[in-house]
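Notes follow once the structure below has been shown.
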Amino acid sequence: MIKAGVRETTATDAAAPAPGRRAPRRPGRAGRELGRWAWGLAGILVIALIWESYKLLGPADGVVLGELRVLPRTTDLAMPHIWDMGTRLAEPVTRADDALPLWSVVALAALTTLGIAAAGWLVGVVVGIGLALVMQRWRLAEWGLLPWIVISQTVPLIAFAPVVKSWGSRVEIGSFEWQDWMSVALIASYLAFFPIAIGALKGLQSPDRIHEELMQTYAAGYWSTLVKLRFPASVPYLLPALRLGAANAVIGAVVAEVSTGLQGGIGRILIQFAGQASGDPAKAWAPIFGAIVLGLVAAGSIALLGVILKNYRRTEEAA
């Protein structure tokens, strides 16, 4: 007993901080959030520095290996200065007297695409979680569905989008008529459901066996176990999947707008402004920046859901 007590005291003393020294303080939530923003801003600054450094020091004809150009030309036509691109955003989109500023045109197009992507994301959430519930409930369904879910993501969207638009144009149910934006939303959901289905399945299967047995001792049925055990346990897996699904929905919406020719979205002005790059190279980069911001907004909006479910996010926050 004495020896055990000595060993226990020694281990406790070793874990305690030395006299006169304070234990290190872990940064709070506000500090971690500030650190994330600081690292994100630092990453943007590093990219801008690399861009301008290559433009200043790189060869005018780019880096060529054999007959293959691996890095672009450094001319103003191919690589405008960052400040030129920023200045162009504040200028009118055209030379017309009533032309709107370029940033407002990009913002309006981004809002249109965001609405379509949100509709596709919601469909992807319903389909993804539904498939995850089926695969979690029946192991045979998981064996049969999971390989096809993975294979589905290998279909190229550029070839798939016109087919979806063609099929959608033939849908008529009473007074209901399929709209072109619905085809874009469907394609966005096609990309969004995959990470949601995989993340939800992993989360629903995450509870320990001892917790499942505890629910059985309480005579809890499938639905009670699902609501009180499996869904809360899946939150740390589901929230990252929802963020990835939101970003995928934006990518799918932009690509589908390009492929189907839908007017009003940011995908359309990407093609339109790219055709004007020879005379106005800085203008062509505006919708690219808009698409980047759109993806960040879509993924960051899931943080609001994370605030509501903060009591179930301990594993994700620790990671």
Side-chain angles (χ1 to χ4, degrees), residues 36 114 116-161 164 183-209 211-212 215 222-223 225-256 291 294-319:
R36 294 191 186 106
L114 180 62
I116 297 174
W121 178 80
L122 289 175
V123 174
V125 169
V126 174
V127 174
I129 294 180
L131 289 173
L133 289 172
V134 171
M135 290 187 292
Q136 185 277 321
R137 185 70 176 87
W138 294 286
R139 183 59 60 88
L140 183 62
E142 180 183 355
W143 293 342
L145 290 176
L146 191 57
W148 290 104
I149 292 175
V150 175
I151 292 174
S152 69
Q153 301 303 296
T154 63
V155 178
L157 287 185
I158 296 179
F160 183 58
V164 173
S183 299
V184 176
L186 182 61
I187 296 169
S189 67
Y190 178 77
L191 283 187
F193 92 95
F194 173 72
I196 296 174
I198 301 300
L201 176 62
K202 182 67 175 177
L204 292 173
Q205 294 176 342
S206 64
D208 295 331
R209 182 63 183 174
H211 296 153
E212 297 177 4
M215 296 297 291
Y222 170 75
W223 292 106
T225 303
L226 181 66
V227 173
K228 297 180 179 179
L229 176 63
R230 295 194 183 278
F231 269 133
S234 68
V235 170
Y237 300 88
L238 190 56
L239 285 177
L242 291 176
R243 284 196 293 267
L244 185 57
N248 283 0
V250 171
I251 296 173
V254 173
V255 174
L294 181 60
L296 293 175
V297 169
S301 61
I302 308 302
L304 299 177
L305 183 60
V307 172
I308 299 174
L309 301 175
K310 62 181 179 180
N311 293 333
Y312 305 102
R313 296 180 59 199
R314 295 171 185 172
T315 304
E316 185 193 13
E317 290 180 353

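Predicted model, so just to flag it, every value in this text is computed and none were measured.
- Legend: residues meeting side-chain contact (heavy atoms from CB on, under 4.5 Å) with A249, ordered by chain and number and at least two apart, are A117, W121, A188, A192.
- Sorted by first and then second residue, the salt bridge (charged side-chain N to carboxylate O under 4.0 Å, His left out) pairs with a member in residues 185-196 form an empty list; sequence neighbours excluded.
- Shortest non-hydrogen contact noted between P232 and V227 is CD-O, 3.2 Å.
- Here the closest non-hydrogen pair linking I196 and A241 is CG1-O, 3.8 Å.
- Residues that satisfy the salt bridge (Lys or Arg N to Asp or Glu O under 4.0 Å) test with R139, not counting sequence neighbours, are E142.
- Taken from CG in L186 to CD1 in I116, the straight-line distance is 12.5 Å, to the nearest 0.5 Å.
- I151 and T154 make their closest contact through O-OG1, 2.6 Å (heavy atoms, listed as atom of the first residue, atom of the second, distance).
- Taking CD1 of I149 as the reference point, atom CZ of F194 lies at 8.0 Å (rounded to 0.5 Å).
- Side-chain contact check for I198 versus P195: every heavy-atom pair is 4.5 Å or farther apart.
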Taking distance alone, no hydrogens or angles, what donor-acceptor pairs closer than 3.5 Å link side-chain atoms of residues 295-303 to residues at least two apart or in another chain?
unit_1	atom_1	unit_2	atom_2	d
S301	OG	V297	O	3.4
S301	OG	A298	O	2.6

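- Under the side chain to side chain donor-acceptor pair (under 3.5 Å) criterion, S234 pairs with no residue at all, not counting sequence neighbours.
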Practice task
Take K202 and L238 through the test side chain to side chain contact (heavy atoms under 4.5 Å, CB included) and record every step on the way to the result.
Solution key: CA-CA 8 Å; K202 182 67 175 177; L238 190 56; over 6 Å; no
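- Legend: residues meeting side-chain contact (heavy atoms from CB on, under 4.5 Å) with P207, ordered by chain and number and at least two apart, are E212, L229, R230, A233.
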Under 3.5 Å, side-chain donor or acceptor atoms of residues 123-138 against the rest of the protein: list the pairs with distances, not counting sequence neighbours.
none

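- For A256 against I187, the heavy-atom pair with the smallest separation is CB-CD1, 3.7 Å.
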